[in-house]
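Reckoned from all heavy atoms, side chains included, excluding hydrogens, waters and symmetry mates.
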Amino acid sequence: MSAFPHHLSPRWTAAIAIATLFTACMSGQSAQKGDSGSGAGSGGKGDFTTSAGTGGSAGSLPNPDPCAQTNSCPDFPAEPLMEEGVPSDAASLFGPFDSNKLTGPEPCVLEPQLSAGGKSGAMVPANWTAPRFRFTASGDLFEIRVSADSQANDLVAYTTTPSWIMPREIWEPAAKNTAGSAMTVTIRALSQSEPMTQSGIVGDILIAPVNAGGSMVFWAVVDSNVGPDSSRLYGFSVGDEGVAEVMRPKTVAFDGVLNEEGAHLRGQYGGGKPGFEPGEVQCIGCHTSTPDGAAVVFTDDWPWNKAIASVEEGSAGDIPDYITPGARALLKMPWLGTQTMTPARFSPGDRLLVASFGARTQPFWGSSGQKDRLIWIDLETSATISDAVPMENPQQAKDDRNAAILAAEGTAWGKLTMQGETGNATLPDWSHDGERIVYVSTDDSPNGHPSYEATTADLHIVSFGEGNGGVVEPVPGASSPDVYEYYPAFTGDDSLLAFTRAPKKYATQGCPGGSCPDGPYYNRYGEIHAIPATGGSSVRLVANDPIACAGDDVSKGLINSWPKWSPNSVSVGGKTYHFLIFSSARSYPGSFDIPHGQWTPQTLDTRSSQLYMAAVVSDDETGDITTYPAVYLWHQNRVVSGQTATEVGNSNITPAWDDFKIPDVPDVPK
């Protein structure tokens, strides 16, 4: 799998084989179903009211200190914080805040997005990573002031650089005690030689009345050409200020990967990439958490088999004990698209995985051109299926394996009936209650993913039906014939779906400058939408929009894609709070172009992507959805190992947000 979503299979010379890499409560104006989902609000602190409960663990309500009730919390120190190089008279140079003195050009606040013009600022969970305040402004001395109703003092910091991170030891108690309210941010700038001329800006960020749960594991890539060091998985838990390496291809113990016909190891006679031995896993993208959070299942390189590996410290890369030899052989079948799992079907004796499956006469065989359908695989099957490749008579071993797999259909694995589906079933997501599977129906999926030339991509849903499937239904509001709809994901409570929506390739509307250039993968004009899981009118997330003063050329698109929800949806005060993570190629520090791979279409956008978090709040009574601006994850390229933190330059994509049991990220001074 390359860092772009397109390969040619070594056995395909006329079709593109595509790998999937790249490819928002504050009281305000809720987004009624069917409108643009502006999430506009007054941004005033007094408008964000809800009672905070007890608790404080991941996915629960914060537990504020008693001082929050009397607005006397001492979390913000009384004395200003002075960074190195700041003159001792910084406070007197600025003097008391006076809006009449703000005569210079208004600073552009790049992180976090502040309320302005009647629109809400960003909302963060009460236990989120401490904010970084990054801005552009004229001058050489800057004042950052943060106030909150819960606090006895304002937090004031002086710096000579236009970027400042609130200390974790201040942020964590202050955010907890401000949960359900706002923090007002004032940033002023001046030149020390002309202190009477100042510029400044004032706005709010919102602290949600709930915590977020779980951890994130994402794919970081530097090159489209697959190699041992071209990509790896990183992870972090909510609140961390760095990331830890979780896995790279060479640490995966799952091996013996077969070629598409099953008689030889991949790499013996084709399909191998430089730096890998025959049969080794070559790619670890498009990953899904096992419901216990202890491992990931992911899509490997051609011929698109599955692999599974632990993410736990001390056993990262190992195969979980419950994977039987028969299941291992089933996971090595070719032409398997992305996979999904559900906690409802993950307990001893009942551990199932669902993936798309290119129908064909024999399990190990070159693609027959038949339709992709969804299959389930029992990861604990007792079926005797060998994945061995003997030196002598490997063709007989392949034939025996095919026969064993076909004989085990219905017990070790099985196809879902999908009555009414005329397209290809790809990119499934299984509801947490185990009842429904939402997927993408497309007209062309040569390797389990909609191809670069696919003309349709719509969300359909089917019942799992104890592995029997059922009647397929289009998702109302997410199955329009006029656009692509793909990458579906259920919220933790199964009430909403997020998905990516994009104009179709060759369409003459929706893309500035004429014909739209992209298919459903790494589509430069993709945008994240949310919709009730039962269907309705979708809401476009405000998080799709970059900060107006950041300088993004929106006519080029931002490649918003791959939304994944946090594992917990929490209700309080008549509203349910959801958080999601997604990738986007908007401007960020360290952006770069990813080199094209051998099979990467030359028309594909090569801008690197980063991860962003956004809040989405649904009204429990009306169902109205309010969304909030995106929050850049400033720590996503800060790799922590031991007591050392290293800044790296990666394109970060295909995130997964679940209760991962990944290594802890040490708290290393910034």
Side-chain angles (χ1 to χ4, degrees), residues 4-6 16 18-23 36-37 286 337-338 423-424 426-427 429 438-445 449-460 474-489 497-531 537-546 552-564 580-586 600-601 603-612 614 627 630 651 653-655:
F4 289 110
H6 311 283
I16 295 178
I18 302 171
T20 17
L21 169 60
F22 283 152
T23 359
S36 64
C286 304
T338 54
N424 295 281
T426 64
L427 303 175
D429 191 60
V438 63
Y439 65 93
V440 176
S441 174
T442 185
D443 60 319
D444 188 27
S445 58
H449 313 287
S451 80
Y452 188 68
E453 297 294 341
T455 62
T456 62
D458 298 313
L459 300 193
H460 289 182
V475 177
S479 54
S480 169
D482 300 323
V483 294
Y484 294 127
E485 294 123 333
Y486 52 102
Y487 292 148
L497 287 172
F499 63 96
T500 306
R501 177 176 175 170
K504 288 188 173 182
K505 190 171 186 176
Y506 307 124
T508 56
Q509 295 182 347
C511 302
S515 179
C516 299
D518 300 326
Y521 286 92
Y522 218 53
N523 189 301
R524 68 199 70 191
Y525 298 110
E527 294 190 325
I528 312 301
H529 282 237
I531 193 171
S537 296
S538 69
V539 172
R540 176 187 177 274
L541 269 59
V542 171
N544 288 298
D545 299 324
D552 288 281
D553 184 352
V554 295
S555 69
K556 295 181 179 179
L558 298 173
I559 323 179
N560 297 315
S561 191
W562 203 274
K564 291 294 181 180
L580 61 76
I581 190 170
F582 67 100
S583 64
S584 178
R586 64 194 68 185
T600 306
T603 57
L604 198 69
D605 198 304
T606 61
R607 286 173 292 166
S608 58
S609 287
Q610 295 282 273
L611 301 179
Y612 296 80
T627 77
S651 182
I653 44 184
T654 68

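In this structure E527 satisfies the side-chain hydrogen bond (donor to acceptor under 3.5 Å, both in side chains) test together with R540, sequence neighbours excluded. In this view, F499 and H529 satisfy the ring pair (Phe, Tyr, Trp, His ring centres under 6.0 Å) rule, not counting sequence neighbours. Among residues two or more places apart in sequence or in another chain, the side chain to side chain contact (heavy atoms under 4.5 Å, CB included) test is passed with V438 by D429, L459, I461, V475, P488, F490, L497. Residues meeting the side-chain hydrogen bond (donor to acceptor under 3.5 Å, both in side chains) test with Y439, sequence neighbours left out: E421. With sequence neighbours excluded, no residue satisfies salt bridge (Lys or Arg N to Asp or Glu O under 4.0 Å) with D552.
Judged by distance alone, with hydrogens and angles left aside, the side-chain atoms of Y525 form no donor-acceptor pair with the main-chain N or O of D518 at under 3.5 Å. Listed for the T627 side chain is a donor-acceptor partner under 3.5 Å among the backbone atoms of V542. For Y486 (side chain) and P520 (main-chain N/O), a donor-acceptor pair under 3.5 Å exists by modelled atom type. A donor-acceptor contact shorter than 3.5 Å is absent between the side chain of T456 and the backbone of T442.
Within the model, atoms CG of N544 and OG of S561 stand 10.5 Å from one another, a figure rounded to the nearest 0.5 Å. Within the model, atoms OH of Y612 and CG of L558 stand 8.5 Å from one another, a figure rounded to the nearest 0.5 Å. In this structure, C516 SG and Y484 OH are separated by 9.0 Å, a value rounded to the nearest 0.5 Å. Note that CZ of R586 is 11.0 Å distant from CZ of R607, once rounded to the nearest 0.5 Å. Within the model, atoms OG of S555 and CZ of R524 stand 11.0 Å from one another, a figure rounded to the nearest 0.5 Å. To the nearest 0.5 angstrom, Y522 atom OH is 6.5 Å from I653 atom CD1.
Looking at N523, V440, I528, I559 one by one, the single match for side-chain contact (heavy atoms from CB on, under 4.5 Å) with T500 turns out to be I528.
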Yes or no on side-chain contact (heavy atoms from CB on, under 4.5 Å) for T426 and H449, after CA distance, side-chain angles and deciding distance? CA-CA 6 Å; T426 64; H449 313 287; 5.7 Å; no
Could you walk me through whether L541 and L580 pass the side-chain contact (heavy atoms from CB on, under 4.5 Å) check? CA-CA 11 Å; L541 269 59; L580 61 76; 3.8 Å; yes
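Summarising the geometry of P450 relative to S445, their closest heavy-atom pair is N-CB, 4.1 Å, with the distance given to 0.1 Å. When all heavy atoms of A489 and K564 are compared, the closest pair comes out as CB-CD, 4.4 Å. Across every non-hydrogen atom of D444 and A454, the tightest pair is O-CB, 4.0 Å. In plain terms, the two heavy atoms of T338 and C286 that are nearest each other are CG2-CB, 4.0 Å. The two residues H460 and P474 have their closest heavy-atom pair at CD2-CA, 3.6 Å. Minimum interatomic distance between I531 and A478 (heavy atoms only, all atoms of both residues): CD1-N, 4.1 Å.
Inspection of the Y506 and T455 side chains reveals no N or O donor paired with an N or O acceptor under 3.5 Å.
Legend: salt bridge (charged side-chain N to carboxylate O under 4.0 Å, His left out) pairs involving residues 500-510, not counting sequence neighbours, sorted by first then second residue: E453-K505.
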